[in-house]
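By convention in this document, chain letters (A, B, ...) are assigned in the order of the sequence lines, proteins followed by strands, and residues within each chain are numbered from 1. Treat the numbers as computed from the prediction; the structure is a model and nothing was measured.
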There are 2 protein chains.
Amino acid sequence: MTKKWTPASAADGVEQVLKILEGKWKLVILFHLFGGQVKRFSELEKAIPAITQKMLIQQLRQMEADGIVTRTIYHQVPPKVEYRLTDWGQELCPALDALLKWAENKQ
Amino acid sequence: MTKKWTPASAADGVEQVLKILEGKWKLVILFHLFGGQVKRFSELEKAIPAITQKMLIQQLRQMEADGIVTRTIYHQVPPKVEYRLTDWGQELCPALDALLKWAENKQ
DNA sequence: TCAAAAACTTACTTCAGAGTAAGTACCCTA
DNA sequence: TAGGGTACTTACTCTGAAGTAAGTTTTTGA
């Protein structure tokens, strides 16, 4: 059974999703982790040269709180922390693809 | 043929789409126009009580510039202006649906 | 002649998200 | 005992999107 949407409630639902994607750097991070990739903090830093440490952490923490990213800490010296997508996070891929396809279709 | 995406270029592509959706009121407006609906400025005002005239115009103008909304002026007094989605704008519906479905799937 | 209706404009203020730059904790090794 | 590597924190400033509130244009009808 499909939900009944009003313009307001549908807009609200999509807005919740956009909030998850909306940080300045979340999409780049996301696309670096798609396909089951696992990356250290420092690897993401190198992969996204323009990002600052503050921003990288901030975005990762929000993505973790939103349930699309997982954080794994290894208690070593120097420390090691790995980031990967949750299953749910991975499933964003086809949805974002739909947006890309739409954009390509501009008449 | 499918494009070759790097993390950066794919993120960039999606970002372009998000910019089209990202204004504070664009999604609500969009969902009020989906399905071929045609609305006057004043009808949108009434349908979205919290919006101000300034914001409504601003968002509509941006959506027009982005090519998802069409503006039709009737030279009457008092004036009449109608807004509707372009074909391309209509096609956003399934893509946004994919996002809604994804959101419902949260484990 | 003056109000009324619709669709805007304009000037000003507010605030959250982003950037800058520096500092912290931990332990190992030379 | 000093420096190096990794993963963060913190304090501050800056900017642009959004909100507020009032004004503008046009012609018709009382």
Side-chain angles (χ1 to χ4, degrees), chain A residues 8 11-12 14-30 32-33 37-66 68-85, chain B residues 8 11-12 14-30 32-33 37-66 68-85:
Chain A
D12 210 72
V14 177
E15 221 158 294
Q16 299 307 312
V17 176
L18 292 201
K19 263 187 207 146
I20 293 178
L21 305 174
E22 244 184 35
K24 177 81 183 295
W25 301 97
K26 294 205 188 131
L27 286 172
V28 207
I29 296 172
L30 207 53
H32 273 285
L33 297 178
Q37 289 180 83
V38 180
K39 302 248 168 162
R40 299 183 60 169
F41 183 85
S42 51
E43 289 178 306
L44 288 170
E45 254 191 290
K46 270 165 223 154
I48 312 170
I51 203 171
T52 63
Q53 294 188 318
K54 177 201 161 195
M55 277 297 115
L56 181 52
I57 271 275
Q58 191 180 95
Q59 307 287 294
L60 283 168
R61 289 283 156 84
Q62 287 176 19
M63 293 167 85
E64 201 193 350
D66 286 330
I68 61 177
V69 155
T70 293
R71 187 162 167 265
T72 315
I73 309 163
Y74 297 89
H75 293 284
Q76 314 171 343
V77 170
K80 176 178 170 179
V81 180
E82 284 181 345
Y83 294 91
R84 76 194 69 200
L85 294 182
Chain B
D12 211 71
V14 177
E15 222 159 291
Q16 298 309 311
V17 176
L18 292 201
K19 262 185 208 148
I20 293 178
L21 305 174
E22 245 184 34
K24 178 81 182 297
W25 301 97
K26 295 209 187 125
L27 286 171
V28 209
I29 296 171
L30 208 52
H32 273 284
L33 297 178
Q37 290 179 84
V38 180
K39 303 249 168 162
R40 299 183 60 169
F41 183 86
S42 51
E43 289 179 306
L44 287 170
E45 255 192 289
K46 269 166 222 153
I48 312 168
I51 203 171
T52 64
Q53 294 188 318
K54 176 200 160 194
M55 278 296 114
L56 181 51
I57 270 275
Q58 190 179 98
Q59 307 287 294
L60 283 169
R61 289 283 157 86
Q62 287 176 20
M63 293 166 87
E64 201 194 350
D66 287 330
I68 60 176
V69 155
T70 293
R71 188 163 166 263
T72 314
I73 310 163
Y74 297 89
H75 292 287
Q76 313 172 344
V77 169
K80 176 176 172 183
V81 180
E82 284 180 347
Y83 295 91
R84 77 193 68 200
L85 293 182

Undergrad: Could you list the donor-acceptor pairs under 3.5 angstrom formed between side-chain atoms of residues 72-85 of chain B and any protein atom two or more places apart in sequence or on another chain?
TA:
from     : atom 1 : to       : atom 2 : distance (Å)
Tyr74(B) : OH     : Glu82(B) : OE1    : 3.0
Glu82(B) : OE1    : Arg84(B) : NH2    : 3.2
Tyr83(B) : OH     : Arg71(B) : NE     : 3.3

Undergrad: Strictly by side chain to side chain donor-acceptor pair (under 3.5 Å), give each pair with a member in residues 54-66 of chain B just once, sequence neighbours left out.
TA: Lys26(B)-Gln62(B)
Undergrad: Nearest whole angstrom, please: distance from the P of dA7(D) to the CG of Leu56(A).
TA: 10 Å
Undergrad: Please report the distance, rounded to the nearest Å, between CZ in Phe41(B) and C1' in dT26(D).
TA: 16 Å
Undergrad: Below the 4.0 Å mark, does dG5(D) have OP1 or OP2 next to a side-chain nitrogen or oxygen of Arg40(A)?
TA: no
Undergrad: Can you tell me how far apart NZ (Lys46(A)) and CD1 (Ile51(A)) are? Round to the nearest 0.5 Å.
TA: 14.5 Å
Undergrad: How does protein reach along nucleotides 22-30 of chain C, written 5' to 3' as B (base within reach of a heavy atom under 4.0 Å), S (only sugar-phosphate), or - (no contact)?
TA: -----B---
Undergrad: What is the distance, to the nearest angstrom, from the NZ atom on Lys46(A) to the C1' atom on dA7(D)?
TA: 12 Å
Undergrad: Starting at CD1 of Ile57(B) and ending at P of dT24(D), how long is that distance when rounded to a whole Å?
TA: 18 Å
Undergrad: When rounded to the nearest 0.5 angstrom, what distance separates CD1 in Ile57(B) from CD in Glu45(B)?
TA: 9.5 Å
Undergrad: For Glu15(A), check side-chain contact (heavy atoms from CB on, under 4.5 Å) against everything at least two apart and list the hits.
TA: Leu27(B)
Undergrad: Please state how far atom CG in Leu60(B) lies from atom C1' in dA18(D), giving the value in whole angstrom units.
TA: 16 Å
Undergrad: Considering residues at least two apart in sequence or located in another chain, which fulfil the side-chain contact (heavy atoms from CB on, under 4.5 Å) criterion with Glu43(A)?
TA: Lys39(A), Arg40(A)
Undergrad: Side chains of Leu33(A) and Ile68(A): does their closest heavy-atom pair fall under 4.5 Å?
TA: no
Undergrad: Flag the pair Leu30(B) / Val69(B) as yes when at least one side-chain heavy-atom distance between them is below 4.5 Å, and no otherwise.
TA: no
Undergrad: Between P on dA7(D) and CD1 on Ile73(A), what's the gap in Å once rounded to a whole number?
TA: 11 Å
Undergrad: Give a yes/no on whether any side-chain N or O of Arg61(A) is located under 4.0 angstrom from OP1 or OP2 of dT9(D).
TA: yes
Undergrad: Could you state the CD-P distance from Glu45(B) to dA6(C), rounded to the nearest angstrom?
TA: 9 Å
Undergrad: How close or far is atom P of dA18(D) from atom CD1 of Ile29(B), stated in whole angstroms?
TA: 11 Å
Undergrad: Quick one: label Tyr83(A) by what it contacts on the DNA or RNA (base, sugar-phosphate, nothing), any heavy atom closer than 4.0 Å.
TA: sugar-phosphate
Undergrad: For nucleotides 11-21 of chain C, give me one character per nucleotide, 5' to 3': B if any protein heavy atom sits under 4.0 Å from the base, S if the only such contacts are to the sugar-phosphate, - if neither.
TA: B------BBB-
Undergrad: If you define the side chain from C-beta out and look only at heavy atoms, does anything of Leu60(A) sit under 4.5 Å from Leu44(A)?
TA: yes
